[in-house]
Amino acid sequence: MLQIIKNKEISSRKKAAIHLAAIFLALLTASVFILFMGHPPLKVYLSMARGAFGTSYRFTETLIKTIPLIITSLGISLAFRMKFWNIGAEGQIIMGAFGASWVALSYPHLPSFVLLPLMGLGGLAGGGIWALIPAFFRARFQTNETIFTLMLNYIALQWITYLQNGPWKDPGALGFPKIPNFSPQAVLPKLFGIHIGWLIAFILVVLSALFITKTKKGYEIQVIGESEKTARYAGINVSRTILVTLFISGALCGLAGMIEASAINKTLSVEITGGVGYTAIITAWLANLKELRIVLVSFLFAAMIQGSSYIQMAFQIPQSAAQILQGLILFFVLGSEFFIRYRIVYRSRESGGGET
Amino acid sequence: MLSSFLHAAVIAGTPLVFAILGEILTERAGKLNLGVEGMMLMGAVVGFKTALLTSHPLWALFGAALAGAAGALIFSFLTVTLRSNQVVTGLALTIFGTGFASFLGQGLAGHIVPASVKDFFHPVALPVLSRIPFLGEALFHHSIFVYAGYIIIIAAYVYLFKTRFGLNLRALGENTAAADAAGINIMKYKFAHILSGGALIGLGGAFLSLVYVPTWQENITTGRGWIAVALVIFCKWNPIRIFWGAFLFGGLDIIGFRLQGLNIHISQYFFDMLPYIVTVIILIMTSVKDSKEKSPPAELGRPYFREDK
């Protein structure tokens, strides 16, 4: 008879192999759909790759899309490490962008070297405070943070919609509901052809890794993630750690919002996130919340998103195909975890029967 | 005036009726499925597309229920059979469902449901009942879909609290190991209830695209799936309380639109925030109370593996 047995330790190489197999199966499943739609799957995947890496322009676009994904995934993974299910990154990005835009639109004439850091602070504060609200209630009353953070996404979105159609509406846009463009000083400069956000992302990756592995707070976060009870027993102030961590988590997402508003959109709009807040949940999880892997996974997902906007033109496959593909990959990887944690063995009844 | 407001609130609350009920069944089986938003969208788009293709209301409903159940099948296969993380699996399902709906809905925007389907769901005044003063018109002059919601709430209540199957399900939700030892087929119960819950959630989505809107628009659910997850807590896992939860939120959904007619000068965007803000407030209030009074099924969110015992 078949029996499921818990695996003891499993080598990280074998783990990676299982995950890769899962991703391969997800792509295989997706190709069945592509076949049904009447396209040759291999050709679609190849042109997806061409769309993401084919020319230096497209490659740059892929890198630009990687930046907010990395920063947001870093933020999300901090909360996830505590098993605090922050799915409010979308709203935290929006409120960060709002904070930065408020600075940019209020003091447009400040010189860049003053204005940009201020906008950064605005982004950090906007996202951080937005994440502090659910963190407070979770720490105090055990309020369900998943739904709370998600509701705040919708509230943030409505808030920007209000600004865009009301008090912040650009009078020069001939009645079109849009917020005025930033002054040139409020736009992030470029370094080696890509806006400086890549450098910020790089620094944050290093800082996050150091924070988790080298600081006391980082250690406490990991203990809470293992068990809140243990953490309390060990004398860790759980409530305070939740508040501090969530502020950092939200602040990182908010900074991603500031970067997108400043470098890409050069204004604030309801489409500021481009769904990054949700995609980053997947990338953070697939990267197993590890910083370096977040970089790799974010890059691959950015390539997938960039590539799928290309196949939309080439094959008329809707861009939402990328979202379906993301979902499929996640399903398969989630399922594959089973084969990491357990193995199935075949035992004959005689030998197995005696034990149970 | 108030009666017509109540009438509109019942309609706006009906998608929530199905979604909340579906999630109650799922959570009673011990699984927290955060994929409600995704399953609603899958139901909405499949129902709408089937209505366009077949012009037949029952096929459309069948398609929507099937789509929701398919989403639930993915969820239960991953979480029950393969024991994956419930929170992340639910999120994955929502992401998948959102993509699926926008993929299938490509080019459907602006299409209107066929006349045959529209007629089928046309409001009908129930004899006698609709003549009750004040409430009659508000509650009993509706589409057959709304009545189905009433009936299914009561049926689910009876099922959960008055039948042996319901008793088994509740036992399983409170203590899976004991239920297992008592000879209840855990796997069968979990799959059956998560799948039928998914079908109901899919129908909730279909109400939006077939009756409420009734054209196709991107992201037609606008967070109702998530609100439903929150309202399960408000309803204390008891179907009968959906009458309050769903229709209260139906009222919040439309209050901005109604008050505009009264020349009240508060931006419509603030009223659009109301359902989300009230959801948050309800979450907080129930969690403050929860510290004393324990109401969710004890096994909710806890994986159960017989081998681990």
Side-chain angles (χ1 to χ4, degrees), chain A residues 3-6 33 80 83 85 87 133-134 137-138 140-148 150-155 157-167 275 278-279 281-282 285 316-331 333-339 341-342, chain B residues 32 34 37-38 74-75 77-79 81-85 87-107 218 222-223 226-227 229-230 233 267-280 283-291 305-308:
Chain A
Q3 258 193 330
I4 298 166
I5 292 182
K6 239 185 187 145
F33 285 107
F80 274 23
K83 299 221 164 70
W85 303 109
I87 50 175
I133 306 170
F137 287 100
R138 158 70 192 271
R140 184 87 178 69
F141 302 115
Q142 289 288 315
T143 308
N144 181 319
E145 76 278 11
T146 318
I147 302 165
F148 202 140
L150 198 104
M151 289 294 117
L152 289 180
N153 290 348
Y154 288 101
I155 295 172
L157 194 62
Q158 283 300 331
W159 171 239
I160 305 301
T161 315
Y162 164 71
L163 291 177
Q164 196 171 329
N165 287 282
Y278 297 112
T279 310
I281 297 171
I282 309 183
W285 179 259
Q316 273 83 48
I317 296 177
Q319 207 178 348
S320 42
Q323 225 174 350
I324 297 182
L325 194 56
Q326 288 172 13
L328 279 177
I329 290 177
L330 196 52
F331 283 148
V333 173
L334 278 164
S336 77
E337 297 270 309
F338 177 80
F339 299 97
R341 281 180 292 142
Y342 304 93
Chain B
L32 177 67
L34 294 182
E37 180 85 359
I74 299 176
F75 177 82
F77 176 70
L78 285 173
T79 60
T81 312
L82 294 183
R83 308 168 180 187
S84 69
N85 180 306
V87 174
V88 184
T89 309
L91 290 177
L93 182 55
T94 287
I95 290 165
F96 176 82
T98 311
F100 179 85
S102 119
F103 188 87
L104 219 63
Q106 190 90 350
E218 188 83 4
T222 56
W226 292 102
I227 291 178
V229 176
I233 306 170
S267 170
Q268 146 211 353
Y269 302 105
F270 287 109
F271 284 112
D272 290 345
M273 281 183 198
L274 258 186
Y276 311 114
I277 293 176
V278 175
T279 304
V280 163
L283 265 182
I284 294 171
M285 281 179 3
T286 45
S287 67
V288 171
K289 268 204 317 204
D290 257 4
S291 337
F305 317 130
R306 189 189 280 167
E307 295 83 0
D308 286 358

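Note on naming: letters A, B, ... go to the chains in the order of the sequence lines (proteins, then strands), and numbering restarts at 1 for each one. Here the structure is a predicted model, which means the values were calculated and not measured.
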Which heavy atom of [X] sits nearest a heavy atom of [Y], and at what distance?
X	Y	answer
A:F338	B:T81	CE1-O, 4.0 Å
B:G90	B:F75	N-CE1, 3.9 Å
A:R341	B:L82	NH2-O, 4.1 Å
B:L34	B:T94	O-OG1, 2.9 Å
B:G223	A:Y154	CA-OH, 3.2 Å

Part of [X] within contact of chain A (heavy atom distance under 4.5 Å):
X	value
B:V229	both
B:I74	side chain
B:L91	side chain
B:S102	both
B:F77	neither
B:E37	side chain
B:L78	side chain

Apply ring-ring contact (aromatic ring centres under 6.0 Å, His included) to A:F80 and list each qualifying residue two or more places apart in sequence or on a separate chain.
A:W85
So, using ring-ring contact (aromatic ring centres under 6.0 Å, His included) as the criterion, who are the partners of A:F33 when residues are at least two apart?
none
Separation between [atom1] of [X] and [atom2] of [Y], rounded to the nearest 0.5 Å:
X	Y	atom1	atom2	value
A:L157	A:Q164	CG	CD	9.5 Å
A:I87	A:I281	CD1	CD1	5.5 Å
A:Q326	A:I329	CD	CD1	7.5 Å

Who among [options] has the most heavy-atom pairs with chain B under 4.5 Å?
options	value
A:G166, A:G327, A:P318, A:P134	A:P318
A:N165, A:N144, A:T146	A:N165
A:F331, A:F339, A:W285	A:F331

Interchain contact, [X] with chain B, by part (heavy-atom threshold 4.5 Å):
X	result
A:I324	both
A:I155	both
A:R140	neither
A:L150	side chain
A:F137	side chain
A:L328	both

Can you confirm whether the side chains of B:T89 and B:T79 place a donor and an acceptor under 3.5 Å from each other?
no
Which one of B:A92, B:P275, B:S84, B:G105 has the most heavy-atom pairs closer than 4.5 Å to chain A?
B:A92
